[in-house]
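Quick note on labels: first sequence line is chain A, next is B, and so on, each numbered from 1.
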Protein chains: 2
Amino acid sequence: MAATIKMVAELAGVSVATVSKYLNGGNVYAENRIKVQAAVDALNYKVNEVARSLKTNKTNTIGILAPSIQSIFITGVISQIQYKLLECGYSTLIVDYQMNDDLEKRQLDILLKRQVDGIVIFPRENEKDLVNTIKDQNIPVVTVDNMLEGIACDAVLADNMGGAYEATEELIKHQHKRIGIIAGPAYMYTAKERLKGYFRAHEDYFIGLEEELICYGEYTEQSGYKCFNELMNLREPPTAIFVTNYHMTIGALGAVNERNMKLPEELSLIAFDQLEFASIMRPPISVVEQPLKQIGEKVAEIILRRMKEDWRDFPHIERLKTTLKRTGSVAGNIIK
Amino acid sequence: MAATIKMVAELAGVSVATVSKYLNGGNVYAENRIKVQAAVDALNYKVNEVARSLKTNKTNTIGILAPSIQSIFITGVISQIQYKLLECGYSTLIVDYQMNDDLEKRQLDILLKRQVDGIVIFPRENEKDLVNTIKDQNIPVVTVDNMLEGIACDAVLADNMGGAYEATEELIKHQHKRIGIIAGPAYMYTAKERLKGYFRAHEDYFIGLEEELICYGEYTEQSGYKCFNELMNLREPPTAIFVTNYHMTIGALGAVNERNMKLPEELSLIAFDQLEFASIMRPPISVVEQPLKQIGEKVAEIILRRMKEDWRDFPHIERLKTTLKRTGSVAGNIIK
DNA sequence: TTGAAAGCGTTACCAT
DNA sequence: ATGGTAACGCTTTCAA
């Protein structure tokens, strides 16, 4: 049976109120401080956060609603959020909805029932209702890696357009004119932004866009594989391909192997996302990396501010710079 | 302001006791059921789990204490645990101690203060004290991917010895006689077991062990790189290498590239762990995979049983079979 | 500075 | 079946 504040008070010979004040850093006679601390030690007392939460109406917990916890992007960001929040005395309740709409609702419900003080959500597409539900309860919410259009909500994401622009530009500068893109689902904000970066780079360098060079995948390995083959089966295949996320890159590289193609001689390739294995591929894969740490830090910072009722810059949209890692998967003469 | 049970009771014109009974599936007049449900809907009432927990002394939460949530092994297992527990109405509070002893203690403290009903821990080495602390509080605890020796505790892990045996045997069957191993830290249980499998296979096939072929890494990328080079710099280097975890495999493969070596012609290689990229390497890397899902399921099953006070088979040690994926990174004539 | 007591939202006992 | 009420462990107000 765990010790309670009452037991501590009795052992120390003071009132419960005094113990509470001591524990929360209030003014207590030096003499009593010692007695209370002795009792705490003797009983190995630990405050019951459940009771505290009920009384204070604050759980010091923020919920994180993620589509999956098996993606390095997501866990990297979450890990950083956790770390930052921990410093400020907050815990995180992470729930994973396995890309399933129903489960997502249930999981959000759980977070709400547990009275989390704030929510971080990695939306996929249609969670406007969810976000509104949360806002209705006056719970701060920050979205990550996506923007829910037509809704006022803080959001933190990578500069997807900028990153995609940089990737495309890198290919263009290597003299590529026919650049294929394996894009994400047309309804996803990040996918749209990445595509936009690809478009802009073409415009800026006066290269015409070819419809057939744009293939929409589903951010999955299978679709990456399929799109890659579609692009390479064109009458006039691209000389370079930009793959816009991790899983599709795996699929595309599988197809590269199957076709026994040599990178970068036969094809230049550049990817978007965190690729732990990028450096050990032969050749290493050039990649536009997202700033995981900074994203996590920014999310934590914003949600902490909101929980302190600081709404000055609401809604805040933060786009963080990506990093292009140039390695050996892009070939061609460099112009410029 | 969120609705409370009292507000529901008032609106429905019944007592809070009746509402509570209704919510918890007790016997309530059909007429009242309807009235209460109507009030619940009207107010968008959601039970306050914090208050419920205080009263029932159960949080329906289990804590997961992991060294990091950025490893696919760990997140794969956690994801499965979450999923299974969710079905039974439990949530999971995941905390990540970033391989840091102090942080680990703090995080455990948080779990305890939050009154979790059970704890799953991925220990590294010296968490016997921690586990005892938990047991002292009568909180069920299950360890994953490690065995704390000299302590009675449920444990679920891959059959590390069997998997390592199989990997080594695979190499032996391809006529390799000088097989290097990049082992884990000598103090880690899983590392010891994997090494033991390597030893046993040598014994069973009457191949002498060579001290110099055993290199102890730290389960990190850097150490994998370093060990690989040490092995290949031997006067008589191995013809095959068994790398015993994910990170060291990345390091080793980096060294392979740097040396511009051709797998499997110049060296056979086999790895242990989940390697998402194994199949897209050229050649694909043969790998002994851990049964993530089954590990997660088993953990959930055991902790659920313990929380129900079913201690029949305590302490239960479960070793789950690994799977050898044969691909193209092992060469040699096959004997059998 | 201290302590008695109210009350957070819920459950569960017990009388009705 | 229903409802009044005590109790869970804590914080906070207010009087002393």
Side-chain angles (χ1 to χ4, degrees), chain A residues 1-37 39-40 43-61 89 109-117 137-138, chain B residues 1-37 39-40 43-61 89 91 109-110 112-117 137-138:
Chain A
M1 177 59 202
T4 69
I5 198 173
K6 200 172 155 196
M7 295 161 71
V8 173
E10 276 167 15
L11 184 58
V14 298
S15 76
V16 170
T18 301
V19 176
S20 174
K21 215 175 304 166
Y22 168 72
L23 294 172
N24 293 293
N27 281 334
V28 173
Y29 276 141
E31 188 187 356
N32 284 337
R33 304 183 76 84
I34 294 170
K35 286 198 288 188
V36 173
Q37 185 57 53
V40 165
L43 297 171
N44 188 28
Y45 170 78
K46 289 189 197 325
V47 64
N48 180 331
E49 294 285 355
V50 173
R52 176 181 276 175
S53 294
L54 178 60
K55 181 65 194 174
T56 60
N57 205 24
K58 301 213 32 28
T59 52
N60 289 313
T61 302
D109 226 50
I110 289 177
L111 294 181
L112 261 18
K113 286 183 188 167
R114 290 184 183 261
Q115 319 290 120
V116 293
D117 298 333
Q137 319 243 349
N138 278 316
Chain B
M1 177 58 202
T4 68
I5 198 173
K6 202 173 153 195
M7 295 161 70
V8 173
E10 276 167 16
L11 184 58
V14 298
S15 74
V16 287
T18 302
V19 177
S20 175
K21 214 177 303 166
Y22 169 72
L23 294 172
N24 293 292
N27 281 335
V28 174
Y29 276 140
E31 187 187 359
N32 285 336
R33 305 181 76 84
I34 295 170
K35 288 198 287 188
V36 172
Q37 185 57 52
V40 165
L43 297 171
N44 188 27
Y45 169 79
K46 288 189 196 329
V47 64
N48 182 330
E49 293 284 356
V50 173
R52 178 181 275 176
S53 294
L54 178 59
K55 182 63 195 177
T56 60
N57 205 23
K58 300 212 40 354
T59 52
N60 289 314
T61 302
S91 302
D109 226 49
I110 288 177
L112 262 18
K113 286 183 187 168
R114 290 185 182 260
Q115 319 291 122
V116 294
D117 298 333
Q137 319 243 351
N138 278 316

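Within the 4.0 angstrom heavy-atom criterion, only backbone atoms of the sugar-phosphate kind lie near B:Thr4; the bases stay farther away. Within the nucleic acid shown, A:Val16 comes within 4.0 Å of at least one base atom, counting heavy atoms only. Heavy atoms of A:Asn24 sit under 4.0 angstrom from primed sugar atoms or phosphate atoms, though from no base atom. Nucleic acid contact for A:Val14: sugar-phosphate only, since backbone atoms but no base atoms lie under 4.0 Å from a heavy atom of the residue.
Heavy-atom minimum distance, A:Ala2 versus A:Met7: O-SD, 4.1 Å.
Between B:Glu31 and B:Val14 there is no side-chain heavy-atom pair separated by less than 4.5 Å. Contact of the A:Val47 side chain with the A:Arg52 side chain is registered, since non-hydrogen atoms from C-beta on lie closer than 4.5 Å. In this structure, B:Asn24 and B:Ser20 have side chains that are in contact, with non-hydrogen atoms separated by less than 4.5 Å. Looking at B:Val28 and B:Lys35, their side chains never come closer than 4.5 Å, going by heavy atoms from C-beta outward.
Distance B:Lys113 NZ to D:dG9 P: 17 Å, rounded to the nearest Å. Note: CG (B:Leu54) to P (D:dA7) measures 14 Å, nearest angstrom. Counting to the nearest Å, the C1' atom of D:dG9 and the CZ atom of B:Arg52 are 18 Å from each other. Rounding to whole angstrom units, CD of residue A:Glu49 and P of D:dT11 are separated by 8 Å. What separates NZ of A:Lys35 from C1' of C:dG3 is a distance of 13 Å, to the nearest Å. Between B:Gln115 atom CD and D:dG9 atom P there is a gap of 9 Å when expressed in whole angstrom units. Note: NZ (A:Lys58) to P (D:dC10) measures 19 Å, nearest angstrom. In this structure, A:Asn27 places its CG atom 14 Å from P of C:dG3, rounding to the nearest Å.
Distances from the side chain of A:Asn48 to the nucleotides C:dG3, C:dT2, D:dC10 place D:dC10 closest. Side-chain proximity of B:Ser15 to D:dG3, D:dT11, C:dT2: nearest is D:dG3.
The shortest distance between the side-chain N/O atoms of B:Tyr45 and the OP1/OP2 oxygens of C:dT10 is below 4.0 Å. At C:dG3, one or more side-chain N or O atoms of A:Thr18 fall inside 4.0 Å of OP1 or OP2 (strictly under the cut-off). For A:Ser20 and D:dT11, the shortest distance from a side-chain N or O to OP1 or OP2 is below 4.0 Å.
With hydrogens and angles ignored, no donor-acceptor pair closer than 3.5 Å exists between the side chain of A:Lys55 and the base of D:dG9.
Both A:Ala2 and B:Gly13 lie near DNA chain D, and the one whose nearest nucleotide falls closer to the 5' end is B:Gly13.
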